[in-house]
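Note that the structure is predicted; figures quoted are calculated from it, not measured. Labels below follow one simple rule: chain letters A, B, ... track the order of the sequence lines, proteins then strands, and each chain is numbered from 1.
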Amino acid sequence: MSSERTLTVARAGREAVMWEMENDTSVFMLGEDVFAFGGVFGTADGLGEMFGPDRILDTPISETGFIGLATGAAMAGMRPIVELAFVDFIGVCYNAIVNLAAKHYYLSNGQVKVPMVLMLGSGGGYSNGAQHSQSLLASLAHMPGSVVVTPSNAYDAKGLMHSAIRSDDFVIYSGQKKVAGVGMLGTPIKTSMSVVPDEPYTIPFGVANIVQEGTDLTMVGVSWTVHQCIEAAERLQSEHNISVEIIDPRTVVPLDRDAIFDSVKKTGKLLVADEDYQSFGFTGEVIASVVERDPSVLSCAPVRVANPDLNIPYSRPMELRVLPTADRIVEESKKMLGL
Amino acid sequence: MKPNAAQRKAMYSDIVRSREFDDRVLELYFADKMPVFDLAKGVIPGEIHSSHGQEPCAAGTMPHLTLEDTITSNHRPHHHAICRGLDLNKLAAELMGKKTGYCAGKGGHMHIYSVEHKFSCSGIIAEGMGPAAGVALANKMREQDGIAVSYMGEAAANQGAFHEVMNMAGVYTLPYICIIEDNNWGVSVSKKASTAIERNSERAASYGVYGEYVEDNDCDLIFEAMSRCVDRARSGQGASILEIQTYRLKGHMHGDQMAYVPEEEVAAMKDCVVEYRNKLISEGVLTEKEAEEIVSQQKSEVDVAIQFGLDSPYPDPEDAFQNTYAGVSK
């Protein structure tokens, strides 16, 4: 019997990669700085030494090239895991993602599968400037043909990684950098760490996690904003005796619209928090999925807490202003509740 | 390796087959789009980039490839598909968006897929290169036989993907061949106006791969050059760029009047079907009668295929909802 282990998100995800690589020779990793460096955000830490340079393949800084190669390898029956350190870099490889990896299965009418995982580091909050801090979740989720998973904690990170690698679909695994819990980003967020079983397990796509049950207000968050919701909910509970239900969809494509609707039906109030640019994004999608089903379940207008459509400023006070922090969530919740 | 008589006859037969197919497609394409041209109308809607003139690039290279090998084609895929041996009926049906087509109407002219032929297409310039090189990488990792070949036009050599993928093909010593069909025009921009060097095959030096240039769209020379590239790929010597000088006889797409192409260039364009037929007859490889038999045989098979397409049903509109995901149903 092994003792209980509490892991970070990066460690848990990496454990799933390791297990799959040990048990399936078609699984391999390629991307930027994976072999010696272990991935910029620890996603491949130590894997180079374990599996060697042929299965942990360093690539040139050629994103459209290596995502194209991974797509071909997947079409040929391999299960590549691609590491793209920053989601901000998708500008130089969006075609390979959208027009190759996400389209082959549909255009071929199901003849050609692309069982590939694309790992992306997303999010800001550590003064890394406008080109290394974005979320870009909507830009990933908007296009059909890819599954988009967004783990907020270590338990989900491991289970979703097993599911992603075993999936016959193209899966984008969007890891928020501060949630990952890697050394260079300070102390890991406490609620992102969890007890993780040794053995492999999967988490189905499209099944939300109810982080905590509540009766007065539903909050929907994704990855880092789940933790902002948890912090906000604690304050609302202790300072105003408000009971918040928090939904973490875990995968945004497919999205568990039923779980969100059922929660709002119970609470009558909906706040959605997301780090991405607000307009045309996840927050609007969640609200629409409730409203178009039955607007009468809402007792007041739903609220979005996201990036207010601004490029992300470098300076600390300005960056904090645009992030969907617990402070902003508390403030908006109080307005909703007339407090 | 030089082609023998049987191989030369087969190449002639292939270019005729592709040409007959494209001729029938051209005829059908315009038949129901007049008097007012409308891309959306007719039994074959959308853009059609015909292979008229470029057939030898496929006919001369495909004989060296087996069903273990993988091919990625581009927005101009008919000659590649036909010389690879794809079924004409399913090809014609796909162009018409019919249920019996290779992709049951989901792909269309620029997106032909056949798993059994390890054949796929991408309509975005140079973006077939990555997947082909990726298959080559997979085969190399698994120590499996099979090389990969991508086909594209000369203008694609100016895409970022060309540089990225060729460099990786060099770094990883991949069994991969990039075939550049140089028809001198990227839509309406001439190679001279778009490309800083004369020969794209010379770019091979930048990537530590082998490069070869073939003049004048000649099936025999293409066959020989491809045999060298394939030998290298199969024997672990890595990737090649094979550049072929060819002719785009019908413009970028049907409806393109080629007003931008100088008259003298149009006058100098050679028709490979005529050229190769005359060459084979003059060298005693083919008789006039045999040549005619090949044409009539291919014509009749193309007629059958076109009729098959016309007679086939359209997909149910609801079929659009199938096959976005392999495993995710929600």
Next item on the list: Output all residues satisfying side-chain contact (heavy atoms from CB on, under 4.5 Å) with A/Ala138, sequence neighbours left out; order by chain, then residue number.
Entry: A/Asp276

Notebook entry, point to check: Any residues in residues 71-85 of chain A near chain B, with a heavy-atom distance under 4.5 Å, and which are they?
Noted result: A/Gly72, A/Ala73, A/Met75, A/Ala76, A/Gly77, A/Met78

Notebook entry, point to check: In terms of heavy-atom proximity below 4.5 Å to chain B, should A/Asp168 be classed as side chain, backbone, both, or neither?
Noted result: both

Next item on the list: Can you tell which part of A/Phe28 gets under 4.5 Å to a heavy atom of chain B, answering side chain, backbone, both or neither?
Entry: side chain

Item checked: Candidate pair A/Arg293 and A/Asp258, rule salt bridge (Lys or Arg N to Asp or Glu O under 4.0 Å), full reasoning -> CA-CA 10 Å; A/Arg293 192 178 300 190; A/Asp258 292 345; 2.9 Å; yes

Next item on the list: Determine, for B/Lys99 against B/Glu94, whether the closest basic-nitrogen to carboxylate-oxygen distance falls under 4.0 angstrom.
Entry: no

Margin query: I'd like to know if B/Asp69 pairs up with B/Arg234 as an ion pair, taking the criterion as any Lys NZ or Arg NE/NH1/NH2 lying under 4.0 Å from an Asp or Glu carboxylate oxygen.
Written below: yes

Angle between ring planes, [X] versus [Y], binned at 30° and 60°: parallel, tilted or perpendicular?
| X | Y | value |
| --- | --- | --- |
| B/His252 | B/His49 | perpendicular |
| A/Tyr201 | A/Tyr155 | parallel |
| B/Tyr113 | A/His104 | perpendicular |

Next item on the list: Select, from B/Gly146, B/Ala138, B/Cys103, the one with the greatest count of heavy-atom pairs under 4.5 Å involving chain A.
Entry: B/Cys103

Check: Are the side chains of A/Thr64 and B/Gln159 in touch, meaning some heavy atoms are under 4.5 Å apart?
Finding: no

Margin query: Counting heavy-atom pairs closer than 4.5 Å to chain B, which one of A/Ala102, A/Ala101, A/Ser62, A/Gly65 comes out on top?
Written below: A/Ser62

Check: Which one of A/Asn95, A/Asn99, A/Val112 has the most heavy-atom pairs closer than 4.5 Å to chain B?
Finding: A/Asn95

Check: For chain A, which residues from residues 127-136 of chain B have at least one heavy atom closer than 4.5 Å to it?
Finding: B/Glu127, B/Gly130, B/Pro131, B/Ala133, B/Gly134, B/Val135

Margin query: Taking side chain to side chain contact (heavy atoms under 4.5 Å, CB included) as the criterion, tell me which of B/Leu242, B/Val230, B/Ile177, B/Thr72 meets it with B/Val149.
Written below: B/Ile177

Checking [X] against chain A: side chain, backbone, both or neither under 4.5 Å from a heavy atom?
| X | value |
| --- | --- |
| B/Gln144 | neither |
| B/Phe162 | neither |
| B/Thr324 | both |
| B/Leu174 | side chain |

Item checked: Lys/Arg cation over aromatic A/Tyr106: B/Lys106, 6.0 Å, 45° cone -> yes

Next item on the list: Taking atom types as modelled, find out whether B/His109 and B/Glu47 have a side-chain donor-acceptor pair closer than 3.5 angstrom.
Entry: no

Next item on the list: Verify whether one side chain among B/Tyr151 and B/Thr61 offers a donor that lies under 3.5 Å from an acceptor in the other.
Entry: yes

Which atom pairs, one a donor and one an acceptor, fall under 3.5 Å between side chains of residues 140-151 of chain A and the rest of the protein, sequence neighbours left out?
unit_1   : atom_1 : unit_2   : atom_2 : d
A/Thr150 : OG1    : A/Arg250 : O      : 3.3

Margin query: Between A/Glu22 and A/Arg55, is the salt bridge (Lys or Arg N to Asp or Glu O under 4.0 Å) condition met? List the steps.
Written below: CA-CA 11 Å; A/Glu22 279 169 344; A/Arg55 292 186 72 197; over 6 Å; no

